[in-house]
There are 2 protein chains.
Amino acid sequence: MPDETNHSPVRPVFYVSDGTGITAETIGHSLLTQFVGFRFVTDRIPFVDSVEKARQTVAEVMRAGEQHGYRPIVVSSCVDASINAVLAESGALILDVFAPFIAPMEVELGVARESRVGRAHGMVDFDTYHRRINAMNFALAHDDGIALNYDEADVILVAVSRAGKTPTCVYLALHYGIRAANYPLTEEDLESDRLPPRLRPYRSKLYGLTIDPQRLHQIRQERRPNSHYAKLETCRSEVAAAETMLRMERIPILSTTHASIEEISSRILEDLDINREMF
Amino acid sequence: MPDETNHSPVRPVFYVSDGTGITAETIGHSLLTQFVGFRFVTDRIPFVDSVEKARQTVAEVMRAGEQHGYRPIVVSSCVDASINAVLAESGALILDVFAPFIAPMEVELGVARESRVGRAHGMVDFDTYHRRINAMNFALAHDDGIALNYDEADVILVAVSRAGKTPTCVYLALHYGIRAANYPLTEEDLESDRLPPRLRPYRSKLYGLTIDPQRLHQIRQERRPNSHYAKLETCRSEVAAAETMLRMERIPILSTTHASIEEISSRILEDLDINREMF
C-alpha cells in the first residue's frame with residue numbers, strides 16, 4: 001500500500017469479480033500504488049455472478065463506507081452489465097476494468113464481445129492445466145539438484161544456496177508452464193572457475209542468480225543460525241566466486257536482491273527469449 | 001485463446017509494460033477471451049522503461065502488423081505518458097490499461113497521481129518478500145504430510161493423493177503468503193468415517209478437495225501406469241470414502257475437476273474467510 005502514515009485516512013477499496021478477482025486486484029493494486037499519501041484497506045469479493053450476490057456486495061460496500069467515513073472505491077471485473085448496474089447502487093466510485101476497452105476492441109475487430117460470465121476468467125482446459133502441473137512437479141523433482149537429468153528442462157537456474165532459485169522455479173512453472181530446474185553451486189563447484197561438468201551440456205539453458213551477500217547472510221542466518229554456512233564471510237566468498245565463474249562462462253546473471261519473483265521470472269524469459277503466455 | 005479455428009485470421013497482440021507486464025497481460029488476456037472467433041498471437045514485452053526501448057517496441061509491433069496483415073493491438077501498462085506517445089507511433093490500437101481510471105481516481109482523492117516508473121509494479125519490500133518465501137518453504141516442508149506439526153498452518157488441505165493439494169498450497173503461498181499444509185488421506189484413513197486423529201485439533205483450518213474419479217485415474221495412470229494405485233476402481237472407492245468422511249465431519253469440500261488453481265485458491269480464502277492481499 002502506498003503510504004503507511006498512520007495519520008492519513010483509510011479509504012475502503014473492493015475488488016469485485018464474477019470470477020477469482022485476480023484481474024480486478026491486479027489492475028486495482030497497480031492503480032492504487034500511483035496515489036501516494038493514502039491508506040487503502042482492500043477486500044476482494046470473488047464469484048459475484050448473480051444479482052443476488054451483487055446486492056450482498058452492495059450492502060458490504062455501503063457498510064465499509066459508513067465505517068470509514070469515505071466513499072468506497074469498487075474495482076470491478078464483472079463482465080455482465082446488469083451486475084455492474086447493481087454495484088453502482090452502492091454509491092461507490094465504480095471502476096469497471098473492461099468497459100473502456102470494449103468499444104475500441106469491437107470497432108477494431110468488427111464484432112460485439114460476448115459477455116458470458118466465466119469466459120473472461122479462463123475456464124480450465126485440461127491440457128493447459130496438465131502442462132502447468134507437470135511443470136510444477138518437474139520443478140519440485142529438480143529442486144536443489146535432486147535429480148540431475150536436465151534434458152527436459154527449459155531453464156536451469158544456477159546459484160549458491162538460498163539465492164532465490166526455488167521460488168523462481170515454482171513461479172515459472174505455475175505461471176508459464178515452464179520446466180525450470182535448479183542447480184545449487186556447492187563449495188566444491190566454487191573452487192573452480194569453470195562450470196560444473198554436469199552443467200556443460202546445457203549451456204544455452206543456464207541462467208545465473210546472484211544476491212547481495214549481506215542479504216544472503218540474513219536469509220541463511222534464519223535457516224541455520226550461527227553456522228559456517230550462514231556466516232557473512234562465507235556468503236561473501238561464495239557470491240564472489242559464483243559471480244566470477246558465471247561471468248567467465250558468459251552465463252547471464254541477475255541479482256535477486258531488489259527484485260520480486262515476478263520480475264526475476266519476467267527477466268529470465270526475456271533474456272532467454274522464451275515467449276510463453278501466462279496462465 | 002478464444003477460438004482455435006485454423007481458418008480465422010491471426011491478430012497480433014502485444015502486452016507492453018515498464019515492469020513485468022503482468023498487469024497488462026492479465027487484463028489483456030481477459031479482454032481477448034471476450035472476443036470469440038479470432039486467433040490472437042500474443043507477445044509480452046516487459047521493462048519498456050525508456051523512449052529508446054519504446055522505439056524498439058514500435059519497430060517490433062510494426063513488423064508483426066506487416067507479417068500478419070492486420071493492425072496490431074497493444075495493451076500497455078506503461079505509466080509514463082511519453083512512452084505511450086511513442087508506442088502510438090506504431091499505428092497499433094493502443095489500449096492503455098491505466099488511463100481511463102486516472103482521472104476519476106484523481107477527482108475522488110483530490111490529488112494527482114505520481115507516475116514514476118516502477119511504482120505501479122510493486123518494488124519489493126523485504127518483509128513482504130520474506131513472508132511469501134517463508135510461506136512457500138512451509139508449503140514444501142508440509143507437502144504430503146511430510147511434517148505433521150500443523151500449529152503454524154493457516155490452512156490444511158485434505159484429500160486423496162493427486163487431487164490437486166500441492167499446486168494449490170504452493171499457489172496460496174506464492175500469491176497470498178499463506179502457510180498452507182496438506183494432508184494426503186491414506187487407505188488406512190479412509191477405512192474410518194472419522195477424521196484422522198492427527199487432524200482433529202485443527203478442525204477450523206481444514207479444507208477438503210475432491211476430484212472426478214475418472215480424471216484422478218488419468219492423472220495417477222501417468223504417474224504410476226497400471227498400478228493398483230492408478231486403477232479406476234481404486235480411484236472411485238477412495239474418492240467416495242473421502243467425500244463421505246469429509247461430509248460427516250462437516251469439512252468444506254471443493255471439486256478441483258473443472259477449476260483452475262486460481263479459482264480453487266480464491267474459493268478456499270473466501271470459504272475460510274481469510275482476507276489476504278495478493279502479491
Side-chain angles (χ1 to χ4, degrees), chain A residues 19-23 25-27 29-31 33-38 42-44 46-47 71 73 77 79 93 95 97-98 100-102 104-105 108-109 111 113-115 119-124 129 132-133 136 140 166-167 170-171 174 258-263 266-267 270 275 277-279, chain B residues 19-23 25-27 29-31 33-38 42-44 46-47 71 73 77 79 93 95 97-98 100-102 104-105 108-109 111 113-115 119-124 129 132-133 136 140 166-167 170-171 174 258-263 266-267 270 275 277-279:
Chain A
T20 61
I22 291 172
T23 304
E25 184 160 2
T26 303
I27 187 162
H29 180 79
S30 295
L31 196 62
T33 57
Q34 296 177 49
F35 290 89
V36 298
F38 291 88
T42 62
D43 201 348
R44 202 164 28 95
F47 308 114
R71 185 187 186 200
I73 297 167
S77 67
V79 168
L93 172 66
L95 304 177
V97 304
F98 294 127
F101 310 114
I102 296 300
M105 282 288 282
E108 186 65 36
L109 300 174
V111 299
R113 68 111 167 233
E114 296 205 8
S115 59
R119 174 169 292 285
H121 302 281
M123 283 312 290
V124 191
Y129 184 79
R132 180 173 194 188
I133 299 304
M136 209 203 56
L140 298 183
T166 303
V170 171
Y171 190 91
L174 268 181
H258 299 291
S260 65
I261 302 169
E262 288 81 355
E263 285 166 329
S266 210
R267 291 259 181 217
E270 186 72 358
N275 184 31
E277 225 178 281
M278 279 183 67
F279 289 117
Chain B
T20 60
I22 291 172
T23 304
E25 184 159 1
T26 303
I27 186 162
H29 179 79
S30 294
L31 197 61
T33 56
Q34 296 176 50
F35 290 88
V36 298
F38 291 88
T42 63
D43 201 349
R44 203 165 27 96
F47 308 115
R71 185 188 185 198
I73 297 167
S77 68
V79 168
L93 172 68
L95 304 177
V97 304
F98 294 128
F101 310 114
I102 297 300
M105 282 288 282
E108 185 66 36
L109 300 173
V111 299
R113 66 111 168 234
E114 299 203 5
S115 59
R119 175 169 290 285
H121 303 280
M123 284 309 292
V124 192
Y129 183 79
R132 180 173 192 187
I133 298 304
M136 209 205 55
L140 298 183
T166 303
V170 171
Y171 190 91
L174 268 181
H258 299 290
S260 66
I261 302 171
E262 288 80 355
E263 285 166 328
S266 209
R267 292 259 180 216
E270 185 72 359
N275 185 31
E277 225 176 284
M278 277 184 67
F279 289 119

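Quick note on labels: first sequence line is chain A, next is B, and so on, each numbered from 1. Both backbone and side-chain heavy atoms feed into the values below; hydrogens, waters and symmetry mates do not.
Residues Leu140(A) and Thr166(B) form a side-chain contact, since some pair of their non-hydrogen atoms from C-beta on lies under 4.5 Å apart. Taking 4.5 Å as the limit, every side-chain heavy atom of Arg113(A) sits out of range of all side-chain heavy atoms of Val36(B). Side-chain contact check for Ile133(A) versus Ile261(B): some heavy-atom pair is nearer than 4.5 Å. Residues Glu114(A) and Gln34(B) have side chains not in contact (no heavy-atom distance under 4.5 Å, counting atoms from C-beta outward).
Between the side chains of Thr23(A) and Thr26(B), not a single donor N or O lies within less than 3.5 Å of an accepting N or O. Side chains of Arg44(A) and Ser266(B): a donor on one and an acceptor on the other come within 3.5 Å.
Within the 4.5 angstrom heavy-atom criterion, atoms from both the backbone and the side chain of Met105(A) approach chain B. Both the backbone and the side chain of Pro104(A) come within contact range of chain B, each with at least one heavy atom under 4.5 Å from a heavy atom of that chain. Using a 4.5 Å cut-off between heavy atoms, Phe47(A) touches chain B through its side chain atoms alone. At a 4.5 Å heavy-atom cutoff, the contact between Glu262(A) and chain B is made by backbone and side-chain atoms alike. For a residue to count as touching a neighbouring chain, one of its non-hydrogen atoms must lie under 4.5 Å from one of that chain's; by this rule Glu108(B) touches chain A with backbone and side chain alike. Interface residue Glu270(A): only side-chain heavy atoms are found under 4.5 Å from chain B. Both the backbone and the side chain of Arg267(A) come within less than 4.5 Å of a heavy atom of chain B.
Note on Ile102(A), Asp43(A), Leu109(A), Ile73(A): by heavy-atom pairs under 4.5 Å with chain B, the leading option is Leu109(A).
Minimum interatomic distance between Phe101(B) and Ile27(A) (heavy atoms only, all atoms of both residues): CE1-CD1, 4.0 Å.
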